[in-house]
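When a ligand or atom number is given, it counts from 1 through the structure's own listing order.
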Amino acid sequence: EINQREYLCNGEMKQWNGTVHPVYSPVCVQTPNGLERKLIGSYPICTEAEAAEALDAAVKAYDNGRGEWPTMSVAQRIDCVKKFTQKMKEKKDIVVKLIMWEIGKSYADSVKEFDRTVEYIDATIKALKGIDRKSSTFEDEQGIVAQVRRSPLGVVLCMGPFNYPLNETFTTLIPAIIMGNTLLFKPPKHGTLLHYPLLEAFRDSFPKGVVNTIYGRGNSIVPGLMQSGKIDVLTLIGSSRVANELKKLHPKVNRLRAILGLDAKNAAIITAKADLKQAVSETVLGALSFNGQRCTALKIIFVHRSIAHAFSKALSEEVNKLKVGMPWEPGVALTPLPEPGKPAYLKDIIDDAVSFGAKIMNENGGATVESLVYPAVLFPVNDQMKVYREEQFGPVIPVVPYDDLETPIQYLIDSTHGQQVSIFSYDKNEVASLIDPLMNQVSRVNINCQCQRGPDVFPFTGRKDSAEGTLSVEDALRSFSIRSLVATKL
Ligand code: G3H
(Lines give C-alpha, C1' and ligand atoms only; values in the text may rest on other atoms or scores of the structure.)
Protein backbone atom coordinates (compact mmCIF):
# COMPACT_ATOMS: atom_id res chain seq x y z
CA GLU A 1 0.00 0.00 0.00
CA ILE A 2 1.20 3.49 -0.82
CA ASN A 3 -0.27 6.16 1.37
CA GLN A 4 0.65 9.51 -0.06
CA ARG A 5 0.58 12.37 2.41
CA GLU A 6 2.54 15.02 0.52
CA TYR A 7 1.87 17.46 -2.24
CA LEU A 8 4.33 19.71 -4.03
CA CYS A 9 3.83 23.44 -3.69
CA ASN A 10 6.30 26.24 -4.27
CA GLY A 11 9.27 23.85 -4.30
CA GLU A 12 8.34 22.25 -0.98
CA MET A 13 6.89 18.86 -0.15
CA LYS A 14 3.99 19.93 2.04
CA GLN A 15 2.68 17.49 4.61
CA TRP A 16 -1.02 16.63 4.41
CA ASN A 17 -2.95 15.81 7.60
CA GLY A 18 -6.50 16.05 6.31
CA THR A 19 -8.85 13.50 4.78
CA VAL A 20 -7.60 11.10 2.14
CA HIS A 21 -9.02 9.31 -0.88
CA PRO A 22 -8.69 5.51 -0.79
CA VAL A 23 -7.29 4.04 -4.00
CA TYR A 24 -8.77 0.73 -5.12
CA SER A 25 -7.17 -1.25 -7.89
CA PRO A 26 -9.40 -2.58 -10.66
CA VAL A 27 -7.83 -5.92 -9.75
CA CYS A 28 -10.20 -7.76 -7.41
CA VAL A 29 -9.38 -10.05 -4.51
CA GLN A 30 -11.50 -12.56 -2.65
CA THR A 31 -12.96 -11.14 0.61
CA PRO A 32 -15.60 -12.50 3.02
CA ASN A 33 -18.09 -10.41 0.98
CA GLY A 34 -16.98 -11.92 -2.33
CA LEU A 35 -14.69 -10.44 -4.99
CA GLU A 36 -13.74 -6.84 -4.21
CA ARG A 37 -11.36 -4.26 -5.63
CA LYS A 38 -8.03 -4.38 -3.81
CA LEU A 39 -7.11 -1.38 -1.66
CA ILE A 40 -3.65 -0.20 -2.79
CA GLY A 41 -3.22 3.14 -1.04
CA SER A 42 -4.56 6.63 -0.58
CA TYR A 43 -3.85 10.25 -1.50
CA PRO A 44 -4.76 13.67 -0.07
CA ILE A 45 -8.12 15.26 -0.70
CA CYS A 46 -6.88 18.82 -0.79
CA THR A 47 -9.29 21.69 -0.41
CA GLU A 48 -9.71 24.95 -2.28
CA ALA A 49 -7.22 26.53 0.12
CA GLU A 50 -4.33 24.25 -0.95
CA ALA A 51 -5.34 24.63 -4.59
CA ALA A 52 -5.25 28.42 -4.20
CA GLU A 53 -1.84 28.20 -2.53
CA ALA A 54 -0.52 26.11 -5.43
CA LEU A 55 -1.97 28.59 -7.90
CA ASP A 56 -0.28 31.48 -6.11
CA ALA A 57 3.03 29.61 -6.28
CA ALA A 58 2.71 29.12 -10.04
CA VAL A 59 1.64 32.75 -10.56
CA LYS A 60 4.57 33.99 -8.48
CA ALA A 61 7.08 31.76 -10.30
CA TYR A 62 5.81 33.09 -13.63
CA ASP A 63 5.73 36.65 -12.29
CA ASN A 64 4.06 38.10 -15.40
CA GLY A 65 6.78 36.61 -17.54
CA ARG A 66 9.59 38.12 -15.48
CA GLY A 67 10.24 35.10 -13.24
CA GLU A 68 13.41 33.04 -13.26
CA TRP A 69 11.83 30.23 -15.29
CA PRO A 70 10.20 32.13 -18.17
CA THR A 71 13.32 34.26 -18.62
CA MET A 72 15.77 31.37 -18.46
CA SER A 73 17.52 30.38 -21.69
CA VAL A 74 16.11 27.45 -23.65
CA ALA A 75 19.37 25.56 -23.04
CA GLN A 76 19.02 25.93 -19.27
CA ARG A 77 15.41 24.81 -19.33
CA ILE A 78 16.40 21.80 -21.39
CA ASP A 79 19.02 20.93 -18.77
CA CYS A 80 16.37 20.98 -16.04
CA VAL A 81 14.12 18.67 -18.07
CA LYS A 82 17.07 16.33 -18.73
CA LYS A 83 17.79 16.22 -15.01
CA PHE A 84 14.14 15.38 -14.36
CA THR A 85 14.17 12.60 -16.98
CA GLN A 86 17.24 11.06 -15.40
CA LYS A 87 15.55 11.00 -12.00
CA MET A 88 12.35 9.70 -13.54
CA LYS A 89 14.19 6.76 -15.12
CA GLU A 90 15.47 5.80 -11.67
CA LYS A 91 11.83 5.36 -10.60
CA LYS A 92 10.82 3.22 -13.55
CA ASP A 93 10.10 0.01 -11.62
CA ILE A 94 7.74 1.54 -9.10
CA VAL A 95 5.97 3.80 -11.62
CA VAL A 96 5.38 0.86 -13.98
CA LYS A 97 3.98 -1.28 -11.15
CA LEU A 98 1.70 1.54 -10.10
CA ILE A 99 0.39 2.03 -13.66
CA MET A 100 -0.42 -1.68 -13.69
CA TRP A 101 -2.12 -1.74 -10.29
CA GLU A 102 -3.88 1.59 -10.47
CA ILE A 103 -5.46 1.35 -13.92
CA GLY A 104 -5.17 -2.36 -14.65
CA LYS A 105 -2.97 -1.94 -17.74
CA SER A 106 -1.01 -5.08 -18.62
CA TYR A 107 2.53 -5.12 -17.28
CA ALA A 108 3.93 -5.17 -20.83
CA ASP A 109 1.85 -2.14 -21.84
CA SER A 110 2.72 -0.33 -18.60
CA VAL A 111 6.42 -0.72 -19.45
CA LYS A 112 5.66 0.53 -22.97
CA GLU A 113 3.85 3.55 -21.56
CA PHE A 114 6.82 4.46 -19.39
CA ASP A 115 9.36 4.00 -22.21
CA ARG A 116 7.19 5.92 -24.66
CA THR A 117 7.05 8.81 -22.20
CA VAL A 118 10.83 8.96 -21.87
CA GLU A 119 11.19 8.79 -25.67
CA TYR A 120 8.62 11.58 -25.97
CA ILE A 121 10.60 13.82 -23.64
CA ASP A 122 13.84 13.12 -25.55
CA ALA A 123 12.10 13.87 -28.85
CA THR A 124 10.67 17.09 -27.37
CA ILE A 125 14.14 18.28 -26.40
CA LYS A 126 15.43 17.50 -29.88
CA ALA A 127 12.50 19.30 -31.52
CA LEU A 128 12.94 22.33 -29.31
CA LYS A 129 16.57 22.66 -30.31
CA GLY A 130 15.36 22.57 -33.94
CA ILE A 131 12.70 25.22 -33.34
CA ASP A 132 15.22 27.35 -31.49
CA ARG A 133 17.64 27.20 -34.39
CA LYS A 134 14.81 28.16 -36.76
CA SER A 135 14.07 31.21 -34.61
CA SER A 136 15.95 33.28 -37.12
CA THR A 137 15.18 36.61 -38.71
CA PHE A 138 12.71 38.01 -41.22
CA GLU A 139 13.63 40.85 -43.49
CA ASP A 140 11.61 42.55 -46.18
CA GLU A 141 11.91 45.36 -48.65
CA GLN A 142 10.67 47.91 -46.09
CA GLY A 143 14.01 47.54 -44.35
CA ILE A 144 12.61 46.09 -41.15
CA VAL A 145 14.35 43.12 -39.63
CA ALA A 146 12.41 40.91 -37.27
CA GLN A 147 13.95 38.51 -34.85
CA VAL A 148 11.57 35.70 -34.06
CA ARG A 149 11.30 33.89 -30.74
CA ARG A 150 8.84 31.69 -28.99
CA SER A 151 7.59 33.09 -25.69
CA PRO A 152 5.62 31.32 -22.95
CA LEU A 153 1.91 31.85 -22.32
CA GLY A 154 1.75 31.97 -18.52
CA VAL A 155 0.23 29.69 -15.89
CA VAL A 156 -0.98 26.32 -17.10
CA LEU A 157 -3.55 24.05 -15.46
CA CYS A 158 -2.72 20.52 -16.62
CA MET A 159 -5.00 17.51 -16.23
CA GLY A 160 -4.37 14.13 -17.79
CA PRO A 161 -6.53 11.08 -18.53
CA PHE A 162 -6.72 7.72 -16.74
CA ASN A 163 -5.98 5.62 -19.83
CA TYR A 164 -2.45 6.97 -20.33
CA PRO A 165 -2.00 8.65 -16.95
CA LEU A 166 1.73 9.08 -17.41
CA ASN A 167 2.25 9.33 -21.14
CA GLU A 168 -0.65 11.52 -22.18
CA THR A 169 -0.20 13.78 -19.18
CA PHE A 170 3.45 14.29 -20.01
CA THR A 171 2.69 15.05 -23.65
CA THR A 172 1.18 18.30 -22.34
CA LEU A 173 3.09 18.82 -19.08
CA ILE A 174 6.60 18.62 -20.55
CA PRO A 175 6.04 20.92 -23.55
CA ALA A 176 4.21 23.35 -21.27
CA ILE A 177 7.11 23.72 -18.85
CA ILE A 178 9.95 23.48 -21.33
CA MET A 179 8.49 26.51 -23.16
CA GLY A 180 8.78 28.57 -19.96
CA ASN A 181 5.27 28.33 -18.54
CA THR A 182 4.62 27.45 -14.90
CA LEU A 183 2.23 24.75 -13.94
CA LEU A 184 -0.45 23.34 -11.69
CA PHE A 185 -0.82 19.67 -12.22
CA LYS A 186 -3.81 17.58 -11.15
CA PRO A 187 -3.36 13.89 -11.90
CA PRO A 188 -6.37 11.85 -13.04
CA LYS A 189 -8.60 10.28 -10.37
CA HIS A 190 -7.61 6.79 -11.55
CA GLY A 191 -3.87 7.26 -12.00
CA THR A 192 -2.80 9.57 -9.18
CA LEU A 193 -0.52 7.42 -7.05
CA LEU A 194 1.77 6.55 -9.92
CA HIS A 195 2.91 10.17 -10.04
CA TYR A 196 3.86 10.17 -6.36
CA PRO A 197 7.35 8.65 -6.87
CA LEU A 198 8.10 11.53 -9.27
CA LEU A 199 7.30 14.39 -6.88
CA GLU A 200 10.85 14.69 -5.54
CA ALA A 201 12.20 14.62 -9.09
CA PHE A 202 10.00 17.63 -9.91
CA ARG A 203 11.10 19.41 -6.75
CA ASP A 204 14.80 18.77 -7.36
CA SER A 205 14.87 19.50 -11.10
CA PHE A 206 12.98 22.79 -11.44
CA PRO A 207 13.06 26.16 -9.69
CA LYS A 208 10.42 26.51 -6.99
CA GLY A 209 6.87 27.11 -8.12
CA VAL A 210 7.41 25.87 -11.69
CA VAL A 211 5.59 22.59 -11.05
CA ASN A 212 2.92 22.43 -8.33
CA THR A 213 0.70 19.42 -7.75
CA ILE A 214 -2.85 19.31 -6.43
CA TYR A 215 -4.93 16.31 -5.45
CA GLY A 216 -8.49 15.66 -4.52
CA ARG A 217 -11.94 16.01 -5.98
CA GLY A 218 -11.73 17.82 -9.28
CA ASN A 219 -15.22 19.27 -8.96
CA SER A 220 -14.38 20.94 -5.66
CA ILE A 221 -10.87 22.28 -6.34
CA VAL A 222 -10.72 23.00 -10.05
CA PRO A 223 -13.69 25.42 -10.47
CA GLY A 224 -12.14 27.94 -8.06
CA LEU A 225 -8.88 27.86 -10.01
CA MET A 226 -10.71 28.67 -13.22
CA GLN A 227 -12.85 31.36 -11.58
CA SER A 228 -9.72 33.09 -10.29
CA GLY A 229 -8.96 34.21 -13.86
CA LYS A 230 -5.28 33.46 -13.21
CA ILE A 231 -5.11 30.38 -15.41
CA ASP A 232 -3.76 31.33 -18.84
CA VAL A 233 -3.85 27.87 -20.39
CA LEU A 234 -6.15 24.96 -19.71
CA THR A 235 -4.79 21.68 -20.97
CA LEU A 236 -6.89 18.63 -20.46
CA ILE A 237 -7.15 15.21 -22.01
CA GLY A 238 -10.58 13.96 -21.08
CA SER A 239 -14.21 14.69 -21.80
CA SER A 240 -15.56 17.63 -23.80
CA ARG A 241 -18.27 18.08 -21.15
CA VAL A 242 -15.70 18.77 -18.41
CA ALA A 243 -13.61 20.96 -20.71
CA ASN A 244 -16.63 23.10 -21.66
CA GLU A 245 -17.78 23.46 -18.06
CA LEU A 246 -14.33 24.57 -16.96
CA LYS A 247 -13.81 27.00 -19.81
CA LYS A 248 -17.12 28.73 -18.99
CA LEU A 249 -15.95 29.41 -15.44
CA HIS A 250 -13.03 31.56 -16.57
CA PRO A 251 -13.96 35.24 -16.23
CA LYS A 252 -11.97 36.17 -19.36
CA VAL A 253 -12.61 33.17 -21.52
CA ASN A 254 -11.38 34.95 -24.64
CA ARG A 255 -7.95 35.20 -23.03
CA LEU A 256 -7.84 31.56 -22.04
CA ARG A 257 -5.86 29.27 -24.33
CA ALA A 258 -7.25 25.71 -24.35
CA ILE A 259 -5.22 22.74 -25.54
CA LEU A 260 -7.55 19.78 -25.35
CA GLY A 261 -7.74 16.14 -26.38
CA LEU A 262 -11.37 15.04 -26.02
CA ASP A 263 -14.05 12.51 -26.98
CA ALA A 264 -13.97 10.50 -30.16
CA LYS A 265 -15.99 7.83 -31.93
CA ASN A 266 -13.53 6.73 -34.58
CA ALA A 267 -14.99 4.64 -37.39
CA ALA A 268 -13.56 2.00 -39.69
CA ILE A 269 -14.98 1.72 -43.19
CA ILE A 270 -14.35 -1.72 -44.62
CA THR A 271 -15.36 -1.79 -48.26
CA ALA A 272 -16.15 -4.80 -50.44
CA LYS A 273 -12.62 -4.47 -51.80
CA ALA A 274 -10.82 -4.81 -48.46
CA ASP A 275 -8.33 -7.50 -47.53
CA LEU A 276 -10.51 -9.19 -44.91
CA LYS A 277 -7.64 -10.70 -42.93
CA GLN A 278 -5.88 -7.38 -42.60
CA ALA A 279 -9.12 -5.54 -41.76
CA VAL A 280 -9.81 -8.08 -39.01
CA SER A 281 -6.37 -7.91 -37.40
CA GLU A 282 -6.28 -4.09 -37.50
CA THR A 283 -9.81 -3.92 -36.07
CA VAL A 284 -8.85 -6.17 -33.17
CA LEU A 285 -5.87 -3.94 -32.37
CA GLY A 286 -7.72 -0.71 -32.98
CA ALA A 287 -10.83 -1.63 -31.00
CA LEU A 288 -9.44 -3.63 -28.13
CA SER A 289 -5.96 -2.40 -27.19
CA PHE A 290 -6.14 -1.49 -23.51
CA ASN A 291 -9.73 -2.76 -23.46
CA GLY A 292 -10.83 -0.13 -25.98
CA GLN A 293 -10.10 2.59 -23.43
CA ARG A 294 -8.30 4.90 -25.87
CA CYS A 295 -9.65 8.08 -27.38
CA THR A 296 -8.11 6.82 -30.63
CA ALA A 297 -9.80 3.41 -30.44
CA LEU A 298 -11.99 2.18 -33.28
CA LYS A 299 -15.46 2.48 -31.80
CA ILE A 300 -17.70 1.64 -34.75
CA ILE A 301 -17.03 -0.59 -37.75
CA PHE A 302 -18.95 -0.08 -41.02
CA VAL A 303 -18.63 -3.10 -43.33
CA HIS A 304 -20.05 -3.52 -46.82
CA ARG A 305 -23.07 -5.81 -46.56
CA SER A 306 -21.60 -8.32 -49.04
CA ILE A 307 -18.79 -9.20 -46.61
CA ALA A 308 -20.28 -8.04 -43.29
CA HIS A 309 -21.27 -11.46 -41.97
CA ALA A 310 -17.97 -13.08 -42.99
CA PHE A 311 -16.09 -10.17 -41.41
CA SER A 312 -18.03 -10.42 -38.12
CA LYS A 313 -17.39 -14.16 -37.95
CA ALA A 314 -13.67 -13.80 -38.69
CA LEU A 315 -13.43 -10.93 -36.20
CA SER A 316 -15.16 -13.00 -33.52
CA GLU A 317 -12.76 -15.90 -34.11
CA GLU A 318 -9.79 -13.58 -33.54
CA VAL A 319 -11.42 -12.05 -30.47
CA ASN A 320 -12.01 -15.55 -29.06
CA LYS A 321 -8.23 -16.12 -29.14
CA LEU A 322 -7.51 -13.13 -26.90
CA LYS A 323 -6.50 -13.84 -23.35
CA VAL A 324 -8.65 -12.19 -20.70
CA GLY A 325 -7.02 -12.02 -17.28
CA MET A 326 -4.88 -10.18 -14.77
CA PRO A 327 -2.48 -7.46 -15.91
CA TRP A 328 0.66 -9.33 -14.86
CA GLU A 329 -0.19 -12.49 -16.83
CA PRO A 330 2.07 -12.92 -19.88
CA GLY A 331 0.22 -12.43 -23.16
CA VAL A 332 -2.90 -11.00 -21.52
CA ALA A 333 -4.94 -8.76 -23.84
CA LEU A 334 -8.04 -7.77 -21.84
CA THR A 335 -7.68 -6.70 -18.23
CA PRO A 336 -9.88 -5.26 -15.42
CA LEU A 337 -11.43 -1.84 -15.99
CA PRO A 338 -10.62 1.00 -13.56
CA GLU A 339 -13.92 2.93 -13.76
CA PRO A 340 -16.30 1.29 -11.25
CA GLY A 341 -19.44 2.08 -13.25
CA LYS A 342 -18.08 0.83 -16.58
CA PRO A 343 -19.09 -2.87 -16.46
CA ALA A 344 -22.73 -1.90 -15.78
CA TYR A 345 -22.67 0.72 -18.56
CA LEU A 346 -21.25 -1.76 -21.05
CA LYS A 347 -23.86 -4.33 -20.06
CA ASP A 348 -26.56 -1.73 -20.65
CA ILE A 349 -25.38 -0.84 -24.17
CA ILE A 350 -24.94 -4.51 -25.07
CA ASP A 351 -28.44 -5.38 -23.78
CA ASP A 352 -29.84 -2.39 -25.65
CA ALA A 353 -28.21 -3.52 -28.92
CA VAL A 354 -29.47 -7.07 -28.41
CA SER A 355 -32.99 -5.78 -27.75
CA PHE A 356 -32.87 -4.07 -31.17
CA GLY A 357 -31.73 -7.23 -32.95
CA ALA A 358 -27.92 -7.40 -32.66
CA LYS A 359 -26.25 -10.70 -31.80
CA ILE A 360 -23.21 -11.20 -29.62
CA MET A 361 -21.02 -13.03 -32.13
CA ASN A 362 -18.16 -14.29 -29.95
CA GLU A 363 -17.85 -16.66 -27.00
CA ASN A 364 -18.53 -15.10 -23.59
CA GLY A 365 -18.98 -11.68 -25.23
CA GLY A 366 -19.96 -9.12 -22.58
CA ALA A 367 -19.59 -11.60 -19.68
CA THR A 368 -18.52 -9.78 -16.53
CA VAL A 369 -16.58 -10.88 -13.47
CA GLU A 370 -16.61 -7.75 -11.29
CA SER A 371 -14.28 -5.31 -13.07
CA LEU A 372 -13.32 -7.73 -15.84
CA VAL A 373 -15.47 -7.50 -18.98
CA TYR A 374 -15.09 -10.00 -21.82
CA PRO A 375 -14.98 -8.30 -25.23
CA ALA A 376 -18.17 -8.39 -27.29
CA VAL A 377 -18.57 -8.26 -31.08
CA LEU A 378 -22.08 -6.98 -31.87
CA PHE A 379 -23.63 -7.62 -35.29
CA PRO A 380 -25.71 -6.33 -37.05
CA VAL A 381 -25.75 -2.90 -35.40
CA ASN A 382 -28.07 -0.14 -36.59
CA ASP A 383 -28.84 3.48 -35.81
CA GLN A 384 -31.55 2.65 -33.24
CA MET A 385 -28.95 1.33 -30.80
CA LYS A 386 -27.12 3.38 -28.18
CA VAL A 387 -23.79 1.87 -29.18
CA TYR A 388 -24.24 3.37 -32.66
CA ARG A 389 -23.56 6.88 -31.32
CA GLU A 390 -22.26 6.66 -27.74
CA GLU A 391 -18.54 6.49 -27.09
CA GLN A 392 -18.34 3.14 -25.31
CA PHE A 393 -14.68 3.49 -24.23
CA GLY A 394 -14.60 -0.22 -23.49
CA PRO A 395 -14.26 -3.67 -25.12
CA VAL A 396 -17.39 -3.61 -27.29
CA ILE A 397 -17.12 -3.72 -31.11
CA PRO A 398 -20.29 -2.68 -32.98
CA VAL A 399 -20.31 -3.87 -36.60
CA VAL A 400 -22.71 -2.03 -38.93
CA PRO A 401 -23.50 -3.44 -42.40
CA TYR A 402 -23.85 -0.78 -45.10
CA ASP A 403 -24.99 -0.84 -48.75
CA ASP A 404 -23.76 2.54 -49.89
CA LEU A 405 -20.60 4.42 -48.86
CA GLU A 406 -22.82 7.44 -48.29
CA THR A 407 -23.94 5.78 -45.00
CA PRO A 408 -20.57 5.93 -43.19
CA ILE A 409 -19.74 9.29 -44.78
CA GLN A 410 -23.04 10.76 -43.55
CA TYR A 411 -22.43 9.18 -40.13
CA LEU A 412 -19.17 11.11 -39.85
CA ILE A 413 -20.77 14.32 -41.10
CA ASP A 414 -23.54 14.03 -38.48
CA SER A 415 -21.17 13.04 -35.68
CA THR A 416 -20.23 15.52 -32.98
CA HIS A 417 -16.77 13.89 -32.99
CA GLY A 418 -14.05 14.36 -35.56
CA GLN A 419 -10.82 12.64 -34.65
CA GLN A 420 -9.90 9.81 -37.05
CA VAL A 421 -11.22 7.25 -39.50
CA SER A 422 -9.75 4.07 -41.02
CA ILE A 423 -10.50 2.98 -44.59
CA PHE A 424 -9.87 -0.60 -45.61
CA SER A 425 -9.74 -1.11 -49.38
CA TYR A 426 -7.15 -2.14 -51.91
CA ASP A 427 -8.86 -0.27 -54.72
CA LYS A 428 -6.75 2.85 -55.08
CA ASN A 429 -9.48 4.76 -56.91
CA GLU A 430 -12.02 3.92 -54.23
CA VAL A 431 -9.61 5.04 -51.49
CA ALA A 432 -8.82 8.25 -53.37
CA SER A 433 -12.53 9.07 -53.76
CA LEU A 434 -13.03 8.71 -49.99
CA ILE A 435 -10.05 10.70 -48.74
CA ASP A 436 -11.38 14.19 -49.54
CA PRO A 437 -14.87 13.84 -48.06
CA LEU A 438 -13.47 12.16 -44.96
CA MET A 439 -10.51 14.48 -44.52
CA ASN A 440 -12.98 17.33 -44.02
CA GLN A 441 -14.71 15.47 -41.18
CA VAL A 442 -11.73 14.20 -39.17
CA SER A 443 -8.11 15.16 -38.65
CA ARG A 444 -6.52 11.89 -39.73
CA VAL A 445 -7.51 9.34 -42.35
CA ASN A 446 -5.78 5.97 -41.98
CA ILE A 447 -5.55 3.71 -45.01
CA ASN A 448 -5.54 -0.03 -44.33
CA CYS A 449 -4.50 0.50 -40.73
CA GLN A 450 -6.09 1.17 -37.37
CA CYS A 451 -6.59 4.63 -35.87
CA GLN A 452 -3.88 5.63 -33.40
CA ARG A 453 -2.01 8.60 -32.06
CA GLY A 454 1.48 7.50 -32.97
CA PRO A 455 4.12 7.81 -34.20
CA ASP A 456 4.28 10.61 -31.65
CA VAL A 457 5.94 13.05 -34.02
CA PHE A 458 2.73 13.10 -36.09
CA PRO A 459 0.39 16.02 -35.34
CA PHE A 460 -2.42 14.93 -33.01
CA THR A 461 -5.66 16.84 -33.05
CA GLY A 462 -9.33 16.53 -33.99
CA ARG A 463 -12.28 18.44 -35.37
CA LYS A 464 -15.61 19.38 -33.74
CA ASP A 465 -15.81 18.18 -30.11
CA SER A 466 -12.72 15.98 -30.34
CA ALA A 467 -9.93 18.47 -29.72
CA GLU A 468 -8.76 22.04 -29.46
CA GLY A 469 -5.20 22.92 -30.45
CA THR A 470 -2.68 20.41 -31.72
CA LEU A 471 -0.37 18.09 -29.84
CA SER A 472 2.59 15.96 -30.95
CA VAL A 473 6.23 16.60 -30.30
CA GLU A 474 6.75 19.79 -32.29
CA ASP A 475 3.14 21.02 -32.48
CA ALA A 476 2.84 20.88 -28.70
CA LEU A 477 5.86 23.16 -28.34
CA ARG A 478 4.14 25.62 -30.64
CA SER A 479 0.79 25.22 -28.88
CA PHE A 480 2.27 26.09 -25.47
CA SER A 481 4.03 29.23 -26.70
CA ILE A 482 3.49 32.27 -28.85
CA ARG A 483 5.62 33.32 -31.75
CA SER A 484 6.79 36.83 -30.98
CA LEU A 485 8.97 39.28 -32.83
CA VAL A 486 11.50 41.98 -32.13
CA ALA A 487 11.20 44.18 -35.22
CA THR A 488 13.94 46.75 -35.90
CA LYS A 489 14.04 49.42 -38.61
CA LEU A 490 17.43 49.28 -40.30
O1 G3H B 1 -6.45 7.95 -25.66
C2 G3H B 1 -5.86 8.53 -26.53
C3 G3H B 1 -4.42 8.30 -26.78
O4 G3H B 1 -3.83 9.41 -27.35
C5 G3H B 1 -4.21 7.09 -27.60
O6 G3H B 1 -2.92 6.93 -28.00
O7 G3H B 1 -3.36 5.74 -30.12
O8 G3H B 1 -1.13 5.66 -29.08
O9 G3H B 1 -3.02 4.45 -28.04
P10 G3H B 1 -2.59 5.63 -28.85
Side-chain angles (χ1 to χ4, degrees), residues 99 102-106 108-121 123-124 158-175 187-191 194 235-243 259-268 281-300 327 333-335 337-339 342 391-397 417-422 442-447 449-473 475-476 479:
I99 297 176
E102 231 182 324
I103 60 159
K105 187 170 278 191
S106 74
D109 284 348
S110 300
V111 171
K112 270 194 212 153
E113 175 162 353
F114 188 94
D115 292 344
R116 182 177 177 181
T117 308
V118 171
E119 281 161 24
Y120 190 93
I121 300 174
T124 298
C158 169
M159 291 186 284
F162 82 80
N163 60 341
Y164 282 90
L166 185 75
N167 180 256
E168 291 259 303
T169 303
F170 276 45
T171 63
T172 55
L173 185 150
I174 293 293
K189 181 172 162 198
H190 307 293
L194 63 97
T235 185
L236 175 145
I237 303 208
S239 80
S240 55
R241 181 188 58 78
V242 171
I259 300 160
L260 310 169
L262 306 169
D263 323 327
K265 179 91 175 170
N266 293 340
S281 65
E282 290 289 318
T283 300
V284 171
L285 277 177
L288 295 180
S289 299
F290 191 39
N291 310 302
Q293 299 169 123
R294 297 157 57 233
C295 61
T296 48
L298 282 173
K299 294 175 184 133
I300 187 156
L334 282 304
T335 51
L337 310 178
E339 294 176 289
K342 194 43 84 68
E391 182 185 9
Q392 65 270 40
F393 218 76
V396 175
I397 315 180
H417 308 293
Q419 195 200 64
Q420 299 189 27
V421 66
S422 289
V442 295
S443 62
R444 174 166 163 170
V445 176
N446 301 281
I447 315 290
C449 59
Q450 60 157 323
C451 298
Q452 59 182 325
R453 175 173 177 155
D456 286 337
V457 289
F458 286 9
F460 182 52
T461 183
R463 292 171 178 268
K464 305 184 206 172
D465 291 347
S466 286
E468 216 172 304
T470 305
L471 293 169
S472 86
V473 169
D475 287 280
S479 296

Holding to salt bridge (Lys or Arg N to Asp or Glu O under 4.0 Å), I want the full list of residues that pass it with [X], two or more places apart in sequence or in another chain.
X    : value
E113 : K105
D109 : K112
R241 : E245

Report yes or no: do [X] and [Y] form a side-chain donor-acceptor pair below 3.5 Å?
X    : Y    : value
N291 : T335 : yes
K265 : Q419 : no
Q420 : N446 : yes

Per-ligand residue contacts, ligand 1, heavy-atom threshold under 4.0 Å: R116, N163, Y164, E168, R294, C295, T296, Q452, R453, F460

